[in-house]
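Everything numeric in this text was worked out from a predicted model, so none of it was measured. Within every chain, numbering begins at 1; the chains are lettered A, B, ... in the order of the sequence lines, protein sequences first and strands thereafter.
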There are 2 protein chains.
Amino acid sequence: MDKKEIANKLSDKGLRVTPQRIAILSAILHLNNHPTAENIIEYIKMNHPNISVGTVYKVLDSLVENNLLKKVKTEGGIMRYDPLQANHHHLFCEESDRIEDYEDETLDELISDYFRKKGIDNFKIQNIQLHITGKFKH
Amino acid sequence: MDKKEIANKLSDKGLRVTPQRIAILSAILHLNNHPTAENIIEYIKMNHPNISVGTVYKVLDSLVENNLLKKVKTEGGIMRYDPLQANHHHLFCEESDRIEDYEDETLDELISDYFRKKGIDNFKIQNIQLHITGKFKH
DNA sequence: ATCCTAAAAGAGAATGATTCTCATCTAGTA
DNA sequence: TACTAGATGAGAATCATTCTCTTTTAGGAT
């Protein structure tokens with residue numbers, strides 16, 4: 001996704017297209033590792049030293065609010081961000097803080113079918129995400 | 001789980017049985033809502049005003065390290081805790097911060113079978129958790 | 001029952017992550 | 001080109017958690 005595409009996505013959401021927003025979303029796509037806020041700030045400091053820390057947090061919040069980013073569910077303490085918008089799952093490494101996206105339409109259908117038939121008492125399902133924990137082989 | 005059972009679980013893990021630990025684990029079981037650290041601290045302040053905040057954090061960490069508690073994966077910022085030790089899943093409310101446990105052995109088997117046959121490239125699965133987002137009817 | 005000490009706790013300071021505030025800048029509309 | 005609501009910069013403030021040092025205590029040994 002190049003800067004023009006990012007700009008388009010921002011306008012599509014009714015957000016002003018600012019160089020800071022493009023830089024920050026580019027950073028996340030470039031890092032491509034469900035980066036923490038700190039990772040993003042470090043990258044931005046190196047590549048766009050004039051963007052302030054407060055701006056990074058504000059832009060991240062704004063992108064999340066407008067569904068251009070998602071916060072990754074982790075065990076608390078720090079924010080991590082995920083630019084992939086299509087429904088997907090995550091692989092969590094037990095040994096490091098590595099997180100990878102996992103897409104599996106067959107499994108999605110299997111689970112959807114299951115809940116279509118069964119449902120959950122007192123609960124209307126809107127989204128199902130798998131958090132798969134294990135070890136990467138490399 | 002009463003205090004005696006809690007004491008037993010602590011000794012079983014080789015942990016000293018202290019009143020603070022019993023109080024804190026009791027609090028979490030009593031709250032029964034995947035409480036945040038703050039929720040737990042508030043409850044402890046009311047019921048055991050002599051237990052200090054630092055102690056609460058230290059006890060929580062100790063219980064997590066010894067598998068008497070798990071941290072709940074949320075979108076960052078704060079810690080939440082889960083005393084249920086059996087493998088299970090979570091229902092997340094889209095409208096509030098309510099989280100409920102969800103156990104479904106049939107579904108567990110379905111997913112286990114699926115991955116037994118298919119596997120994930122370059123990844124050794126150790127645990128699978130569903131995060132189901134939606135709305136509670138009440 | 002008593003003694004001993006490593007482990008735990010109390011208290012508050014320190015740290016790190018994020019949010020807030022206010023003055024200034026600027027994207028984009030008219 | 002002008003205008004202004006929205007965005008940003010910068011740093012202070014806040015919040016959640018960790019750290020440090022002194023004191024207390026659980027539980028094992030005797």
Side-chain angles (χ1 to χ4, degrees), chain A residues 3-4 6-28 34-45 47-66 68-69 71-72 74-81 97, chain B residues 3-4 6-28 34-45 47-66 68-69 71-72 74-81 97:
Chain A
K3 287 170 166 40
K4 203 162 173 52
I6 290 176
N8 286 343
K9 281 188 174 285
L10 289 165
S11 336
D12 287 348
K13 298 286 183 175
L15 291 168
R16 289 193 178 198
V17 179
T18 69
Q20 294 86 354
R21 287 175 173 169
I22 294 179
I24 288 163
L25 196 39
S26 293
I28 296 165
H34 304 83
T36 64
E38 183 186 17
N39 296 148
I40 298 163
I41 288 163
E42 279 166 10
Y43 183 94
I44 288 294
K45 265 179 166 29
N47 294 276
H48 304 271
N50 287 350
I51 296 184
S52 77
V53 169
T55 294
V56 176
Y57 280 104
K58 273 193 247 169
V59 168
L60 289 173
D61 280 349
S62 175
L63 295 173
V64 167
E65 265 170 54
N66 287 279
L68 290 171
L69 267 191
K71 286 182 185 177
V72 181
T74 62
E75 289 178 346
I78 50 167
M79 312 292 191
R80 288 184 76 160
Y81 295 88
D97 58 7
Chain B
K3 286 171 166 42
K4 204 163 173 50
I6 290 175
N8 286 342
K9 282 189 173 284
L10 289 165
S11 336
D12 287 347
K13 299 286 184 174
L15 291 169
R16 289 191 179 200
V17 179
T18 68
Q20 295 85 355
R21 286 175 174 169
I22 293 177
I24 287 162
L25 196 37
S26 294
I28 295 164
H34 303 86
T36 64
E38 182 186 15
N39 296 148
I40 297 163
I41 288 163
E42 278 165 12
Y43 182 95
I44 289 294
K45 264 178 170 26
N47 295 275
H48 303 272
N50 287 350
I51 297 184
S52 78
V53 168
T55 294
V56 177
Y57 280 103
K58 274 192 247 170
V59 168
L60 289 173
D61 279 350
S62 175
L63 295 173
V64 167
E65 267 171 51
N66 286 281
L68 291 171
L69 265 192
K71 286 182 185 177
V72 181
T74 62
E75 290 179 345
I78 50 167
M79 311 294 189
R80 287 184 77 159
Y81 295 88
D97 57 9

Taken to the nearest 0.5 Å, the spacing of B:L63 CG from B:I24 CD1 works out to 7.5 Å
What's the spacing between A:I44 CD1 and A:Q20 CD if we round to 0.5 Å?
9.5 Å
For B:V17, the option from B:I6, B:I22, B:N8 that meets side chain to side chain contact (heavy atoms under 4.5 Å, CB included):
B:I22
For residues B:I40 and B:Y81, report the shortest heavy-atom separation together with the two atoms involved.
CD1-CD1, 3.8 Å
Here the pair of heavy atoms bringing B:K71 nearest to B:M79 is NZ-CE, 4.0 Å
Protein-nucleotide distance ([X], atom [atom1]; [N], atom [atom2]), rounded to Å:
X     : N      : atom1 : atom2 : answer
B:I44 : C:dA9  : CD1   : C1'   : 13 Å
A:K45 : D:dG11 : NZ    : C1'   : 12 Å
B:E65 : D:dT18 : CD    : C1'   : 13 Å
B:H48 : C:dG10 : NE2   : P     : 11 Å
A:R21 : D:dG9  : CZ    : P     : 11 Å
A:K3  : C:dA27 : NZ    : P     : 15 Å

Protein-nucleic acid N or O pairs under 3.5 Å, nucleotides 27-30 of chain D:
unit_1	atom_1	unit_2	atom_2	d
D:dG27	OP1	B:V17	N	2.5

By nearest heavy atom, map A:N50 and B:Q20 onto DNA chain D; which one lands nearer the 5' end?
A:N50
For residues 52-63 of chain A, the side chain to side chain donor-acceptor pair (under 3.5 Å) pairs (sequence neighbours left out) are A:S52-A:T55
Rounded (10°) bend between the five-pair end axes of the helix from C:dA1-D:dT30 to C:dA30-D:dT1:
40°
Would you check if A:I78 and A:E38 make a side-chain contact, meaning some heavy-atom pair closer than 4.5 Å?
no
4.5 Å side-chain heavy-atom contact, A:R16 and A:R21
yes
Between B:R80 (side chain only) and B:H34 (backbone N and O only), is there a donor and an acceptor less than 3.5 Å apart?
yes
Please encode protein proximity along nucleotides 13-23 of chain C as a string of B, S and -, counting only heavy-atom distances under 4.0 Å.
----SBB-B--
Need to verify one output field. Residue with the more 5' nearest nucleotide on DNA chain C, B:G14 or B:P49?
B:G14
List the residues meeting ring pair (Phe, Tyr, Trp, His ring centres under 6.0 Å) with A:Y43, not counting sequence neighbours, and say none if there are none.
A:H30
Those residues at least two apart in sequence (or on a different chain) that pass side-chain hydrogen bond (donor to acceptor under 3.5 Å, both in side chains) with A:T36 are A:N39
